[in-house]
Amino acid sequence: MTRMVGIDLGTTNSLVAIFRGGRGEVLADPATGSRMCPSIVRGETDSTVTVGEAAKRDRVARARDTVASIKRMMGKSVAEAQALVEGLSYAISDVGDGVPRVRVGDRLLSPPEISALILKELKDRASAALGVSVERAVITVPAYFDDRERQATRDAARLAGLKVARLLSEPTAACLAYGLEKIPSGKIAVYDLGGGTFDVSILKVKDGLFEVLAINGDTRLGGDDIDAAIAARLLERAKLEGAQFDRTLRVEEAARTAAENAKIALSADVEVSVTLDIPEAGLRWTGTLTRDEVESIARPVIERTLKLSGRALRDSGLATSDLDAVALVGGSTRMPLVRQRVEAFFGMPPRSDLDPDEVVAMGAAIQASVITGESRGITLLDVSPLSLGIETMGGVVAKIIPRNSTLPTAVGMEFTTHVDGQRAVLVHVLQGERELAKDNRSLARFELRGIAPAPAGIPRVEVIFTLDANGILNVLARDKKTGLAHDVDVRPTSGLTDEMVERMLIEGMTLGAADLEARLLVEARVEGEKLLRQSRKVIAQDPTLITPDEASQVDAVLRALEVTIGTDDHRAIRRAMETADAVTVPVAQRLMDRNIASFLTGKNVDGD
Ligand code: ADP
Ligand code: MG
């Protein structure tokens, strides 16, 4: 028996929950009883890793071996990660394949591998707590995660031996946890201020149906920023008061820890005493910190969140007076000043009856129960975080699915040719808000060939974008005259290639050997069947163009592949796929080429 869990994979803390007794329930670690797992990983000299509370406890003493906030690096390039790593205790290595690496013990691991260690910890924790093997999960991601970041999260899950049933936006999960689907008809703002990210969402709920009207946020804003500013203030004061010390990494980390503890204490008290004691740096200082001081430090962060909240409201076309509820999410919303400012901004007291640390995981568990059919009556609509479109003449983007569109959705748009007699168009799929193609993220390129020759502007090429509930895009281009179509599933890449993920799996870092074999078999079968289908489809298009010899050869290799798929030897399936490819690809290639008399390269897609 297996069970689907909900996981909040946070920048600072991660949690796992299940649906029980009609609600989401966070599972405690059976060994320690703690419900939150700090998203911190430490490599040991004996090649093992320490994850969670134990890694956090010694993060000062072991700063150089400790990796925190890895979520910030998910799906990032080496250069992006290097820009983001400032203020963290570790370094980003460039091994030349475009994917950043971080040293964990004696290995260099990618961000998805490090996140996988955290997911594996939660998976094991849940399996132990439930006494069943946990293999499927709903995992939450910040509303602002783009395709690459989402894909990196999927890669991490795969490396941890978890199947992702759904990626869910964190604020949407929170809404579910608060049971706001019970509002007959209304508008909700979800304000989530965690350790590393800020998200605000404006949702509409009607008859148990959620629709996200707008999202905004900042993936680099949260309690960590407040801690860093408090830490700087503490060290400054220690210096001013005559303490002599070197500003080593250890000193910085110790100050950060003291700052966070003081900040948390000041959510309840108005004054705390703070001690910095790092003998080898020659630092020993004790002073007091007041809530007023922390609030003056936190104020700019809070004001920025309100500015972003204003933007989300504007995007949704609503005023604060249109809102029926405001929900608080994230540990940083425990600060009294956050509550006051949020209440003043939105003009109503926010909902805070649930533990702000746990709401996201609870919502993920509820979503899991919707998927498994355990709970009924909740339909959840998500929203596309970024606009999707294609490149048209002059490198300009034609938006097809605008940002904040409700998922699932399908939108078609008509284009035409730019050159007389043009027989092919290049469809370049883009994601982002910028006007020019080069400033947006390129998701895919493909050609629609075989357009019936006609003067420029006459052919009608329809491009249909379909976005499913998981945010996976399918693009179909169709010549309306001939009906000839080409479609692709746009699979976002995290920077890790399939081969890299495969190799990581094979290295067996996080999976048992039996687990791995089963997974590799399922994957080989799925891919083998896909190859079979596609090859047969292409060759059936025009059987007269194949010689009888070729036909029997192709038939033989495809049949062999089909038989092998029925066995449970994934290596044999892979070999049969290679053999089939070697025979069918050149034939398919020739068939395609024969269909194109004159192929024009360049930007042949003309917007209307
Ligand atoms: P994330 O979603 O980024 O993983 P969390 O929602 O777990 O983050 O929030 C973690 C942040 O909340 C940290 O910056 C932590 O210092 C802060 N935090 C936790 N409790 C309190 C508190 N009582 N007062 C102020 N900040 C708090
Ligand atoms: Mg969070």
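Both counts, for ligands and for their atoms, begin at 1 and track the order of listing.
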S.K.: Is there a polar contact between ligand 1 and Gly10, counting only N or O atoms under 3.5 Å apart?
M.R.: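 In fact, backbone or side chain, Gly10 has no N or O that close.
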S.K.: Side chain or backbone, does Met36 bring an N or O within less than 3.5 Å of an N or O on ligand 1?
M.R.: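 Between Met36 and ligand 1 (N or O atoms, distance only) the closest approach is not under 3.5 Å.
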S.K.: Atom 26 (N) of ligand 1: which of Lys263, Arg334, Glu358 has the nearest heavy atom?
M.R.: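 It is Lys263 whose heavy atom sits nearest to atom 26 (N) of ligand 1.
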S.K.: Less than 3.5 Å between some nitrogen or oxygen of Thr197 and one of ligand 1, yes or no?
M.R.: no
S.K.: Where the side chain of Thr288 meets the backbone of Ser273, is there a donor-acceptor pair that is under 3.5 Å apart?
M.R.: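 No, because the side chain of Thr288 does not come within donor-acceptor range (under 3.5 Å) of the backbone of Ser273.
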S.K.: Does ligand 1 come near enough to Gly195 that some N or O of the ligand is less than 3.5 Å from an N or O of the residue?
M.R.: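 Yes, Gly195 has an N/O under 3.5 Å of an N/O on ligand 1.
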S.K.: Hey, which of Met335, Arg291, Arg339 is the one that makes side chain to side chain contact (heavy atoms under 4.5 Å, CB included) with Ser267?
M.R.: Met335
S.K.: Check whether any N or O atom of Ser267, backbone or side chain, sits under 3.5 Å from an N or O atom of ligand 1, and answer yes or no.
M.R.: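 Min N/O separation from ligand 1 is below 3.5 Å for Ser267.
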S.K.: Quick check on Gly222 - does any of its heavy atoms sit under 4.0 Å from an atom of ligand 1?
M.R.: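 Not so, Gly222 does not reach ligand 1.
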S.K.: Near Met335, which atoms of ligand 1 are under 4.0 Å from a heavy atom of that residue?
M.R.: 25 (C)
S.K.: Which atom pair, heavy atoms only, marks the closest approach of Ala173 to Val360?
M.R.: CB-O, 3.6 Å
S.K.: Closer than 4.0 angstrom, basic N to acidic O: yes or no for Arg304 and Asp225?
M.R.: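 Looking at Asp225 together with Arg304, the answer is no, because their closest N to O distance does not fall below 4.0 Å.
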S.K.: Among protein heavy atoms, which sits nearest to atom 4 (O) of ligand 1, and what does the distance come to when rounded to 0.1 Å?
M.R.: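 Nearest protein contact, heavy atoms only, for atom 4 (O) of ligand 1 is Thr12 N, 2.8 Å.
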S.K.: If you compare all heavy atoms of Ala68 against all heavy atoms of Tyr90, which two are closest, and at what distance to 0.1 Å?
M.R.: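 Minimum heavy-atom contact is O-OH, 2.7 Å.
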S.K.: Only heavy atoms of Gly196, strictly under 4.0 Å: list the atoms of ligand 1 that pass.
M.R.: 3 (O)
S.K.: Given 3.5 Å as the limit, does a donor-acceptor pair link the side chain of Arg42 with the main chain of Ile40, or not?
M.R.: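 Such a contact is absent between Arg42 side chain and Ile40 backbone.
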S.K.: Can you name the closest pair of heavy atoms from Ser369 and Thr372 and give their distance?
M.R.: O-OG1, 3.3 Å
S.K.: With a cut-off of 4.0 Å, which atoms of ligand 1 are near a heavy atom of Gly330?
M.R.: 6 (O)
S.K.: How far is atom 2 (O) of ligand 1 from the closest protein heavy atom, and which atom is that?
M.R.: Gly194 CA, 4.1 Å
S.K.: Output the list of atoms in ligand 1 that are nearer than 4.0 Å to some heavy atom of Glu260, sorted by atom number.
M.R.: 13 (C), 15 (C), 16 (O)
S.K.: Does Asp324 come within less than 4.0 Å of Lys204, counting only side-chain N to carboxylate O?
M.R.: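 Salt bridge between Asp324 and Lys204, a charged N being under 4.0 Å from a carboxylate O: no.
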S.K.: Starting from atom 9 (O) of ligand 1, which protein heavy atom do you reach first, and at what distance in Å?
M.R.: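 The closest one turns out to be Gly331 N, 3.2 Å.
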S.K.: What are the atoms of ligand 1, with element, lying closer than 4.0 Å to any heavy atom of Gly223?
M.R.: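 Every atom of ligand 1 under 4.0 Å from some heavy atom of Gly223: 14 (O).
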S.K.: Output the distance between atom CZ (Arg125) and atom OG1 (Thr32), rounded to the nearest 0.5 Å.
M.R.: 6.0 Å
S.K.: Can you pull out the closest protein heavy atom to atom 7 (O) of ligand 1? Residue, atom name and distance to 0.1 Å, please.
M.R.: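 Its nearest protein heavy-atom neighbour is Asn13 ND2, 3.0 Å.
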S.K.: Is the backbone N or O of Ser69 less than 3.5 Å from a side-chain atom of Ser39, with the two atoms forming a donor-acceptor pair by type?
M.R.: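 Side chain of Ser39 to backbone of Ser69: no pair is present.
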